[in-house]
Amino acid sequence: MRIITVFLAALLLSGIASICSADWKFNPVLVYQGSIESNSFNISIHKGVERFEQKTGYKCTEVVTSYDIGEYVECIGNYTEQGYSPVFMLYGNHFPGLVDFVRRYPTTRFIVLDTVRDEPNMFSFVLAEHEGSFLAGVLAAKATKSNILGFISVVDTPFQRRFLCGYRQGAKYVNPDIEILEGFTGDYPGSWFDGNATAALANRMMDNGADVIFQAAGGAGPAVLKAAAARGRLGIGVDINQNGLYPGSVLTSMVKRTDQAVFAALMLARRGIWRDNYKRLGLAQGAVGLVFDENNSGLVTPEMRSYLQNVRNDIVFGRISVHDYTEDEVCP
């Protein structure tokens, strides 16, 4: 594996041809925004790349750009022009002019996470965050003493509201009268890593009675968990297991096995398998769910675990239907 950090577009053009394998048919590149280590979503993606490399011995190209969306798009364009394929668009739901961009390169394969478009050279891997978030809402409703919950994210998009809507549905499945406060910090350079903004929002919610707050805020999310712990409230982590960040104060983590999706995408691409343009991974595939370990064992009773397992089974077998906000931008 080779990771390249890029902050000026001119740097992208040096030494590119020698980075990846000489196999022109499979020459993947993954471009991250911000950093890998400080963003739970990026960490999970990177784990999928590492697993693929260990399995196959093939070395992928991973590139890190700044937070600026313009630089990110330019970086994707530069690597596409250089003949890399497949090109991973890790933040497809935030990519401006996604369809027009993909259509400019009809011979390039694009793999997109969490965004579905009907384009012949675009292949989408979507994780059912709403199903995992439903379980997070169920557990939060079981744990709350105030009957006021919180949800915090960054950019207000249908994709982020998929988390919120699933969380809301789960909480109201337990208690139809429960209140869910919601907040988004906004779209600006570095917003996904602005812990000051998310912590401030968390504190305002706690001032208004919230005692369990679910954060789906990338690199800005751990600040919510810290703020909740400092005031004796509970937070819920996301993407990866964040229970250990503040043991005894993180109720659970709604993990997304993005690593599974990335690993599967790389394996299929390497084998030249492009049978369909859309794969959905949810509770039934073990791609989303809650984490229980020694760090939250004192917060979740056996009765809660049993109840959650029954709810999970009902979702998997279709007895409970969890609405996906992105289908119609409505949360029932």
| request: Dump the intermediate steps for side chain to side chain contact (heavy atoms under 4.5 Å, CB included) on Arg305 and Val300, then the final yes or no. | output: CA-CA 7 Å; Arg305 293 280 300 273; Val300 184; 3.7 Å; yes

| said: Run the side chain to side chain contact (heavy atoms under 4.5 Å, CB included) test on Val250 and Leu234 for me, step by step, so that the C-alpha distance in whole Å, both residues' side-chain angles and the decisive distance to 0.1 Å come before the verdict. | reply: CA-CA 5 Å; Val250 180; Leu234 297 174; over 6 Å; no

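- For an aromatic pair to be called close, the ring centres must be under 6.0 Å apart, and Phe26 with Tyr58 satisfies this.
- Between Arg161 and Asp156 there is a salt bridge, with a side-chain nitrogen of the basic residue lying less than 4.0 Å from a carboxylate oxygen of the acidic one.
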| request: Apply side chain to side chain contact (heavy atoms under 4.5 Å, CB included) to Cys75 and Tyr32, showing your working. | output: CA-CA 10 Å; Cys75 182; Tyr32 301 86; over 6 Å; no

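- Contact check for Ile45 versus Leu30: side-chain heavy atoms found under the 4.5 Å cut-off.
- For the residue pair Phe101 and Tyr105, the shortest heavy atom distance occurs at O-CD1, 3.3 Å.
- For the pair Cys331/Tyr167, no side-chain contact is recorded, criterion being any heavy-atom separation below 4.5 Å from C-beta on.
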| Given Lys142 and Glu303, is the salt bridge (Lys or Arg N to Asp or Glu O under 4.0 Å) satisfied, shown in steps? | CA-CA 10 Å; Lys142 287 288 188 180; Glu303 291 76 18; over 6 Å; no

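- Pairing each heavy atom of Phe193 with each of Gln33, the nearest pair is CZ-O, 4.0 Å.
- Residues Val112 and Ile69 share a hydrophobic cluster, clusters being chains of Ile/Leu/Val/Met/Phe/Trp/Tyr side chains in contact below 4.5 Å.
- The CZ atom of Arg104 sits 9.0 Å away from atom OG1 of Thr80, with the distance rounded to the nearest 0.5 Å.
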Donor-acceptor contacts, no H, no angles, side chain residues 129-137, under 3.5 Å, sequence neighbours left out:
| unit_1 | atom_1 | unit_2 | atom_2 | d |
| --- | --- | --- | --- | --- |
| Glu129 | OE1 | Arg162 | NH1 | 2.6 |
| Glu129 | OE2 | Lys256 | NZ | 2.9 |
| Glu131 | OE1 | Leu283 | N | 2.9 |
| Glu131 | OE2 | Arg280 | NH2 | 2.5 |
| Ser133 | OG | Glu129 | O | 2.8 |

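- Side-chain rings of Phe110 and Phe123 stay apart, their centers remaining 6.0 Å or farther from each other.
- Annotation: side chain of Val87 is in contact with side chain of Ile76 (closest heavy-atom distance under 4.5 Å).
- Sequence neighbours left out, the pairs with a member in residues 115-126 that pass side chain to side chain donor-acceptor pair (under 3.5 Å) are Arg103-Glu119.
- Here the closest heavy-atom approach between residue Gly83 and residue Asn27 is recorded as O-ND2, 4.4 Å.
- Using cut-offs of 30° and 60° on the angle between ring planes, the pair Phe163 and Phe159 is perpendicular.
- With salt bridges taken as basic N to acidic carboxylate O contacts below 4.0 Å, one links Asp314 and Arg319.
- Put simply, the side chain of Glu62 reaches to within 4.5 Å of the side chain of Val49, judged on heavy atoms.
- In this structure, Thr198 OG1 and Ile152 CD1 are separated by 6.5 Å, a value rounded to the nearest 0.5 Å.
- Between Phe41 and Tyr91, the ring planes are tilted. Angles from 30° to 60° get that label.
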| Val255 vs Val288, side chain to side chain contact (heavy atoms under 4.5 Å, CB included): CA-CA, chis, key distance, verdict | CA-CA 6 Å; Val255 293; Val288 295; over 6 Å; no

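- Under the 4.5 Å side-chain criterion, counting only non-hydrogen atoms from C-beta, Ile43 is not in contact with His46.
- Under 4.0 Å is where a charged nitrogen must lie from a carboxylate oxygen, and between Arg257 and Asp239 no such pair does.
- In this model, no donor atom of one side chain and acceptor atom of the other lie less than 3.5 Å apart for Ser66 and Asp68.
- A heavy-atom distance below 4.5 Å is not found between the side chains of Val262 and Phe52.
- Side-chain atoms of Thr56 and Arg270, non-hydrogen and from C-beta on, do get closer than 4.5 Å to each other.
- Annotation: side chain of Ser35 is not in contact with side chain of Asn42 (no heavy-atom distance under 4.5 Å).
- Here the rule is side chain to side chain contact (heavy atoms under 4.5 Å, CB included) with Phe292, and of Leu299, Asn243, Leu139 only Leu139 fits it.
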Show which side-chain atoms of residues 212-222 pair as donor or acceptor with protein atoms under 3.5 Å away, not counting sequence neighbours.
| unit_1 | atom_1 | unit_2 | atom_2 | d |
| --- | --- | --- | --- | --- |
| Gln215 | OE1 | Ala217 | N | 3.2 |
| Gln215 | NE2 | Gln242 | OE1 | 2.8 |

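- Relative ring orientation between Phe95 and Tyr72 is described as perpendicular, the plane-to-plane angle rising above 60° on a 0-90° scale split at 30° and 60°.
- When all heavy atoms of Gly237 and Leu225 are compared, the closest pair comes out as N-CD2, 4.1 Å.
- Partner of Asn241 under the side chain to side chain donor-acceptor pair (under 3.5 Å) criterion, out of Asn296, Thr252, Asn295, Asp293: Asp293 alone.
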